[in-house]
Amino acid sequence: MQQPHAPHDHGHGSELDEMALRVRALETILIEKGLIEPAALDELIETYETRIGPRNGARVVARAWVDPDFRRQLFADGTAAIGALGYGGRSGNHLLALENTPSVHNMVVCTLCSCYPWAVLGLPPLWYKSAPYRSRAVAEPRAVLREFGVELPSETEIRVWDSTAELRYLVIPMRPAGTDGWSEERLAGIVTRDSMIGTGVLTRSREPAR
């Protein structure tokens, strides 16, 4: 297994960076003062974690599948490519796109905290921030993928990429067979958050019922 770890200088003294600590403190104060309801906050977080955020990444993936020029730009300069679609900001800077192929499967982790490309994937899922995933993804990626329901051929190389505050990754999953002629919007509808982290693969059957 190849593990292309970039220098991992997060600048964090704990698992939460300075901004996250401030947000956590503000959240606690607002809840204690009764200004926000925990249930409403949880629903908002769920919305950004599983719906709004990953939709941006799904549009990036779908565009890369149908537009050769955009695809070339994405792999040459991921930051500029997503910026052209209106996605970027602090967590989108220095984005590197990774291409999954039949022979290579890319998988992203952040071993020291939870660096994540918010601009295209929204909020990181809880399991991404958990200690077991952060340690086992590097040590035994094939076993971790199996637990996500992903069984790869033994000859497929798994590359684990360690995200940092300076460099974040977006996996471009393989386009499912049988999707030729689909519109970009329809293609975006089958792209999942996990497939863009590398803990999932796509099939045509993932298309929402019509």
Say whether, by atom type as modelled, one donor and one acceptor occur between the side chain of Trp182 and the main chain of Ala188 under 3.5 angstrom. no
Using only atom types and a distance under 3.5 Å, with no angle test, would you say the side chain of Ser195 pairs donor to acceptor with the backbone of Val191? no
[X] [atom1] to [Y] [atom2] distance, which is reported to the nearest 0.5 Å:
X	Y	atom1	atom2	answer
Asn106	Tyr169	CG	OH	10.0 Å
His105	Ile158	NE2	CD1	6.5 Å
Arg168	Ser163	CZ	OG	6.0 Å
Arg63	Asp69	CZ	CG	11.0 Å
Arg142	Ser154	CZ	OG	7.0 Å
Phe70	Ile82	CZ	CD1	8.5 Å

Go through Asp162 and Val138 one step at a time and tell me if the side-chain contact (heavy atoms from CB on, under 4.5 Å) criterion holds. CA-CA 9 Å; Asp162 198 354; Val138 174; 5.8 Å; no
When you compare the side chain of [Y] with that of [X], does any pair of heavy atoms fall below 4.5 Å?
X	Y	answer
Tyr87	Leu95	no
Trp65	Glu184	no
Val150	Asp194	no
Trp161	Val109	no
Tyr128	Thr199	no

Nearest heavy-atom neighbours spanning [X] and [Y]:
X	Y	result
Lys129	Ser114	CG-CB, 3.3 Å
Asn56	Ala119	ND2-O, 3.2 Å
Val144	Ala137	CG2-N, 4.0 Å
Gly198	Val171	N-CG2, 4.0 Å
Phe75	Leu98	CE2-C, 3.9 Å

Determine, step by step, whether Met196 and Leu121 satisfy the side-chain contact (heavy atoms from CB on, under 4.5 Å) criterion, reporting the C-alpha distance in whole Å, the side-chain angles of both residues, the deciding distance to 0.1 Å, and the verdict. CA-CA 8 Å; Met196 294 181 283; Leu121 292 187; 3.4 Å; yes
Which of these, Asn100, Leu145, Ile197, sits in a side-chain contact (heavy atoms from CB on, under 4.5 Å) with Met107? Leu145
same_hphob_cluster(Leu74, Val66) at 4.5 Å side-chain heavy-atom cutoff: yes
Go through the structure and list residues passing ring-ring contact (aromatic ring centres under 6.0 Å, His included) with Phe148, not counting sequence neighbours.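 Expected list: Trp127.
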Counting only heavy atoms not in Glu155, do more than 12 fall under 6.0 Å of its CD?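 Yes, because the 6.0 Å sphere around CD of Glu155 holds more than 12 heavy atoms from other groups.
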Could you tell me which residues satisfy salt bridge (charged side-chain N to carboxylate O under 4.0 Å, His left out) with Arg136, sequence neighbours excluded, listed by chain and number?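 By the salt bridge (charged side-chain N to carboxylate O under 4.0 Å, His left out) rule, Arg136 matches Glu140, Glu147.
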